[in-house]
**Q** 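Before we start, here is the structure in question, set down as structure tokens.
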Number of protein chains: 2
Amino acid sequence: MREQKQSTTTDAVYELLCRAIIEQALQPGMRLPEDTVGEQFGVSRTIVRHALVRLETMGLVVSRRNRGAFVAEPSIEEAQQIFQVRRCLETEVIRIGIETMSEEDFEQLDAHVRREQAIRGKDGPVSIRLSGEFHILLAQLSGNEVLARYVTEVVLRCSLIMAMYAKSHSSDCAVDEHSQIIEALRTANADLAVSLMEHHLGAVAERAAFKKAPDTVESILSRYGKELAH
Amino acid sequence: MREQKQSTTTDAVYELLCRAIIEQALQPGMRLPEDTVGEQFGVSRTIVRHALVRLETMGLVVSRRNRGAFVAEPSIEEAQQIFQVRRCLETEVIRIGIETMSEEDFEQLDAHVRREQAIRGKDGPVSIRLSGEFHILLAQLSGNEVLARYVTEVVLRCSLIMAMYAKSHSSDCAVDEHSQIIEALRTANADLAVSLMEHHLGAVAERAAFKKAPDTVESILSRYGKELAH
DNA sequence: GGCAAGTTTTTTGTATCCAATCGATACCTT
DNA sequence: AAGGTATCGATTGGATACAAAAAACTTGCC
């Protein structure tokens, strides 16, 4: 908000790729050749490359030397690690937010939840994205920008994980929980807010954990070594 | 350890710049022209640029469009935010580490502390770097790679902050505290370990907070608006 | 002497080009 | 026919070249 940070072409490509991955247009494991992406967006490989570097440091893509970039396929272990960090960070967001957030902030959150409710029932990528954006918004409103950046990263990676593993893309239950969290924050009920958030993330994680059984050869092999999968 | 991740030239330049910043060879606010850096390391601007992008996403450098990259000058507020996140992450490291760490891991930590003690008394950049590396090692041994990455980032940024603000570069008191933390982990005393870590980070943060008075014009201006300083 | 506008110079942003590396296919050997 | 090896193609890693923007300098005017 306070930094105008005039955006460059790289940022735009980065944003687009990011959304495309989160919304599953680009599916996990898919190759991202630099020149292919480049000519799609009408920019040179240089730009694409920078965007891919950023996406790689975020963990949304992995790149192998002289092989190129691929949309990340987080393993179960990696997913668990990400969820663990996310829980840690988001409870901190709650603790900070309860001290610092204003009514104006709460209204922003309310507005977001209404947007989520508007597409209630329509499962799919957009639902996942909106659900994630609630958490990102919450983190931003905490006022700690560093924290917000990390939350953004883990939420995006979680979105990818959800898209990969969740058997249903439904996020219905989550929306109500979002409202409850806002209310707990409003009433400055720290313990409740934290436990709500933990429960919420636990629920999200569980829906990811007990998903599609590893019924294909590929999915089994992918556990034992990504490098062989391609 | 388990990923060989053959390193590229970009990685090397990144590492070097990173160390140079942490050890204060490159001081906060200093410009980093791409071709200057490039010819120093004997590589082209392309490489330097990639390294700078990575350093920027880490928060060690800031870059302004068409102006170039500068070593970051974290403000007091930013520093506080970073310390807050760091405390949050490192207490999580302790909680995980106490469950998962083996005697072998503890020995690695011991070895590192011995290395720190070896240069005890010699204040300065190297001391700050080693002190930070203890925390990074600890995070890596926790087994959660995602957590370790974030801890690495905040520790590096803290090192920059210390270098900027701490009046003395001394890290003497820290070394003993490191040993105490290892012992608490060894004896699986979770509460003690967490409180030791919190105390340790509190002490570190305080030494940063009560530092060099803003005695130069630049340092004063930098508080009131970075964009005016240049 | 100071200020302002125009010009020069430096530096970044982007595109293109060359070389090195990896994977795949085809061929040769056993 | 199966396995190993060599060549070929595709794609990235890295360097150079060109364009645009900003900073610095100069010059003229008040």
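To find a chain, count down the sequence lines: A is the first, B the second, and so on, and within it residues start at 1. Please read all numbers here as calculations on a predicted model, not as lab measurements.
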**Q** Distance check needed: C:dA15 P versus A:F41 CZ, whole Å only.
**A**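 Rounding to the nearest Å, CZ of A:F41 and P of C:dA15 are 14 Å apart.
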**Q** In terms of ring plane angle, is the pair B:H178 and B:F134 parallel, tilted or perpendicular, where the classes change at 30° and 60°?
**A**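 Parallel: the ring planes of B:H178 and B:F134 meet at under 30°.
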**Q** Regarding B:E153 and B:R149, does a basic nitrogen lie under 4.0 Å from an acidic carboxylate oxygen?
**A**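 Salt bridge present between B:E153 and B:R149.
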**Q** For D:dG14, does either OP1 or OP2 sit under 4.0 Å from a side-chain N or O belonging to B:T46?
**A**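 False: B:T46 side-chain N/O out of range (4.0 Å or more) of D:dG14 OP1/OP2.
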**Q** Quick one: do B:E78 and B:R157 make a salt bridge, cutoff under 4.0 Å?
**A**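 So B:E78 pairs with B:R157 through a salt bridge.
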**Q** Tabulate protein N/O versus nucleotide N/O from nucleotides 9-13 of chain D, keeping only pairs under 3.5 Å, one per line.
**A**
| unit_1 | atom_1 | unit_2 | atom_2 | d |
| --- | --- | --- | --- | --- |
| D:dT12 | OP1 | A:E34 | N | 3.2 |
| D:dG13 | OP2 | A:R49 | NH1 | 2.8 |
| D:dG13 | N7 | A:R45 | NH2 | 3.3 |

**Q** Does atom CD of B:E107 have more than 12 heavy-atom neighbours, drawn from other residues, nucleotides or ligands, at distances under 6.0 Å?
**A**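 Result for CD/B:E107: enclosed.
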**Q** Determine yes or no for a side-chain-to-main-chain donor-acceptor pair under 3.5 angstrom, with B:T91 supplying the side chain and B:R87 the backbone.
**A**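 Side chain of B:T91 to backbone of B:R87: a pair is present.
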